[in-house]
Structures are given as structure tokens and as C-alpha cells.
There are 2 protein chains.
Amino acid sequence: MARVPEAAVKRLPIYLRVLSDLAEEGAEVISSAELSRLTGLSSEQIRKDFVYFGVLGKRGVGYRIGHLCHRLRQLLGLEEEVRVALVGAGNLGTALARYNLMRQKEVRITAVFDRDWDKVGKKIEHLEILPMEDLERVIREQGIKMAIIAVPPSSAREVADALVEAGVKAILNFSPVKLDGRGKAYVKNIDLTMELEALAFYAGGREKG
Amino acid sequence: MARVPEAAVKRLPIYLRVLSDLAEEGAEVISSAELSRLTGLSSEQIRKDFVYFGVLGKRGVGYRIGHLCHRLRQLLGLEEEVRVALVGAGNLGTALARYNLMRQKEVRITAVFDRDWDKVGKKIEHLEILPMEDLERVIREQGIKMAIIAVPPSSAREVADALVEAGVKAILNFSPVKLDGRGKAYVKNIDLTMELEALAFYAGGREKG
DNA sequence: ATTTGTGAATTACTTCACAGCA
DNA sequence: TGCTGTGAAGTAATTCACAAAT
């Protein structure tokens, strides 16, 4: 099992979703052609990805769904609950927390922090908002390896550094600054303002899809 | 000015943000090397992108910031206000609306729709939530070409079709279903649940960045 | 001297085409 | 025969390296 290309990692959750549904319906095997129909990805790509993931099928038959699900969960570390810290309990942070707590079981926000003492002590669903002073301690205690940043741009950099310092290995950053993990963590930046602007390019009538 | 590659379009808003700041500070020209420092992109890539955008610099000098900003705004259609429809006023939709209304002036949500009659008539900031029955009429009246979908997965497909039918050309879809524009609109899917899961792969200690 | 604009090389990803196994 | 696994070909995006312009 060689290195998994970034593009294939992005597809991992797509496979997992479709395959989990199939498993629940009781299906046992599936061909790359059928998965292609269900995911919209090409069957060759699916076969290549599965080789990256270290999963082999049976020629003439297909892939074992249970085995696939297990392997994908393993790769994503979902076999044990993945705990996530959220920093920033403004509109966006609160919505992300509610959204996550409702839907997701495996990757779950278990700690929320905010700098604003008016918010500290209040709750989002059942989770109490904690002060920044508790960040490092709580992250270490819970063994948290993932975090979401939803703070204003001015404090994003220092928050990211504090998270990395506390041992976080992967960060989803929604604040409109391009952050990096200083070589110690993987950072994915999602700038909603920019996404909207980029979309405007296509609304202008230049392209279709 | 040939076709602009998708990868370059994604960088357009990055350039615009940095350059707008520079323009406000009164700067007049900038080299690709300096922009590289400010954006984290390579200077060659910046020069290539600017050629795609149809912007030429002066050798030995650099690029005219005012000219660049104007051209980028033009490409993104930001010279006139870009109006956006939001469908779905749940947690996520409401947060997106608040977030957008606070920050963004050029690309702006000007209409919010929800299926739930309990929400219809209520307000997000100053915007009244409208019933789905008004969708097509309002979109046509306002000449809206962009939309955000933040509804449950079960109704996402029909909402997308209704939007395209009403003349929307670009959609940002936050519901966890892969939508396409049926050849008539550009659709960008952002599945936050999947983003979080994919991130878990990197939290597992396999990679850095 | 400085910085652009670009053809060539490189890298990353996808699709094609088919050999090989159940 | 059916479907996998893979080398080869193709496509897209990035980086290199340098000639041309001011």
C-alpha cells in the first residue's frame, strides 16, 4: 500500500457514505461499475483508488462491501470516535457545531472555545463554551487531534499556533486567512467569501457544468 | 485572452483580496515576486494567471494594481452588485446569511427561501424569509444568477432544478448530495461532513503540511 | 539591473485499453 | 464470460529556466 494521493483521500468519504448505505441494506459485494453509477466517478478511478487503499476485489465478482467499509473507516481513523475541537462560537462556529452534532457521530465536536467571556459558560446544545485559557489543557486531556477554526481573521494565526502546540494534527480553517500548519499539521482552508466570489465568475455566463 | 483554467479561477479571489488591500494603502505597482510573498503562490504561477486574465505587466517594473483590481472585478462580474439567493434557513443557512451580510458587499444574499411555513415571514437580519412558492418569481424579478443551497439532502435535487429553471447559472451546494447543473449551470458542492472526514485521514498521523 | 512572458520539463491526476484471473 | 488490476497514453496544472523588454 503506497502513498495515497490527495485526490484519492478526498474521495474516501464519498465511498464510505455510499458503501455504508449499501451495507445497511444488506448488500455483500459490489462491482466498480455499479459503484461508478452510484458515485458518479469512473470505474477505473475507483479500482485505482481501492488499490491505493490496499483493498483488492475478486475478478469476475467485485469487492466485498463489509471489508471495504472496514478498511475505509480504518484509514480515516473512524474505528474509535474522532474528537474535534471548535474554536470560535460566533454565527458560523455555532452553526457548524449544531450541524455537526446533529448529523455526525464518528467525527464529533467535543470541545468549544471562545475568547469572548460573555459567551464562555453558555451552551451549544449540550456543550459548554470554554475560555481560551483551557484550550491546551482540554485538548491534551481529550487527546484531540482535529480542530475547526471559526474566529475572525485577526486571531486565526495565533489560534492555529496554539492548536498545533497542543498537539492538533489536522485543522479545518474557515477564517479568511490562508493558514499553514508550520510543517506540524495539515491545514485545509475553506474561505466561504472566496468560494462565493469564485462562483461569481461562472455566474457571469462564461462556462457551464 | 484564452480560456481561463479552473485552477486559476479559484485563485482569482485570492488576488483580488490582496490587491484590494494594497490599493487602499495607496500602492500603485507590484511585482509578481512581491505578490508571491503576500499570497504564498509562486511568482511564475502568478504571471501565468495574469496572462490568462488578460493582464500584462511592465518588464523591470511590475503590474499596475488599479488596473489589475479593475480587471479581476470585471472577470468576477463584481462591477455591479451580485445578488445571491439562499434556499434553506436552518442553522447552516442562517449562519451563512449572517456571515455573508456582515462581511461581503459585492456578492450579497438578497433573498432567502424556506419550505417551512413556521420560518416564512421571520427575518434574518433585515431579510424576510420567503416561501418556496415565491422562488421563481423573485429570482426572475431580481435577475439573480447565483444561489446557495442549504437544505436537507432529500430536497436538494428538486431545489437545484427549480433554481436552474428560474435562470440561476451558478450554485454553491452545502447539502450532502452531489448535484450537477444539468449542463445549464455550474455547481460547486461543499460537503462539510465529508470535509471533516477527509481531514480525519490526515489527523491519523500519515501526512503533514 | 530588474522583472516580465513563455517554451520546455516536470509532476499530478485521469482515462484508455487490455491482459489475467475466477 | 465478467470484472479486476495495471501499464501506457492522455490531460491538466505547476515549476523551471531563460530570452526579451524597459
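Quantities reported herein were computed from a predicted structural model and do not represent experimental measurements. Values below: every heavy atom of this structure, side chains too, minus hydrogens, waters and symmetry copies. Chain naming here is simple, since letters A, B, ... match the order of the sequence lines and numbering starts at 1 in each.
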Rounded off to whole Å, could you give me the [atom1]-to-[atom2] distance for the [X] and [N] pair?
| X | N | atom1 | atom2 | answer |
| --- | --- | --- | --- | --- |
| R47(A) | dT14(C) | CZ | P | 15 Å |
| L35(B) | dG5(C) | CG | P | 13 Å |
| K58(A) | dG20(C) | NZ | C1' | 16 Å |
| D49(B) | dG5(C) | CG | P | 12 Å |
| L56(A) | dG20(C) | CG | C1' | 14 Å |
| Y52(B) | dT6(C) | OH | P | 11 Å |

Start and end of the DNA chain D segment that chain B contacts, any atom under 4.0 Å from a heavy atom: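 Nucleotide range in contact with chain B: dA13(D) to dT22(D).
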
In terms of side-chain geometry, is the basic nitrogen of [X] or [Y] positioned less than 4.0 Å from the acidic oxygen of its partner?
| X | Y | value |
| --- | --- | --- |
| K48(B) | E44(B) | no |
| R17(A) | D191(B) | yes |
| E28(A) | R64(A) | no |
| R137(A) | E141(A) | yes |

When you match G60(A) and E44(A) each to their closest nucleotide on DNA chain D, which lands nearer the 5' end? G60(A)

Among the candidates dA17(C), dT4(C), dT15(C), find the nucleotide nearest to the side-chain atoms of S31(B). dT4(C)

Choose from dA8(C), dT4(C), dA19(C) the nucleotide whose nearest atom is closest to any side-chain atom of K48(B). dA8(C)

Determine the contact category for Y63(B): base if any of its heavy atoms lies under 4.0 Å from a base atom, sugar-phosphate if only primed atoms, P, OP1 or OP2 are that close, otherwise nothing. sugar-phosphate

When the nearest nucleotide of DNA chain C is assigned to Q45(A) and to V61(A) on a heavy-atom basis, which residue is associated with the more 5' position?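 Result: Q45(A).
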
Count the heavy atoms of every other residue, nucleotide or ligand shown that sit under 6.0 Å from CZ of R115(A), and state whether that count exceeds 12.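 12 or below, so no.
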
With no hydrogens and no angle check, is any side-chain donor or acceptor of S36(A) less than 3.5 Å from a backbone partner on S32(A)? no

Quick one: does any side-chain atom of R83(B) pair with a main-chain N or O of Q142(B) as donor and acceptor, under 3.5 Å?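 Checking the backbone N and O of Q142(B) against the side chain of R83(B), a donor-acceptor pair under 3.5 Å is found.
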
Report yes if a donor N or O on one partner sits less than 3.5 Å from an acceptor N or O on the other, where the partners are the side chain of R59(B) and the base of dT3(C); otherwise report no.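 Between dT3(C) and R59(B), which were checked side chain against base, a qualifying N/O pair under 3.5 Å is absent.
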
Quick one: is dT4(C) close enough that its OP1 or OP2 comes under 4.0 Å of any side-chain N or O from S32(B)?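 S32(B) to dT4(C) OP1/OP2: side-chain N or O found under 4.0 Å.
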
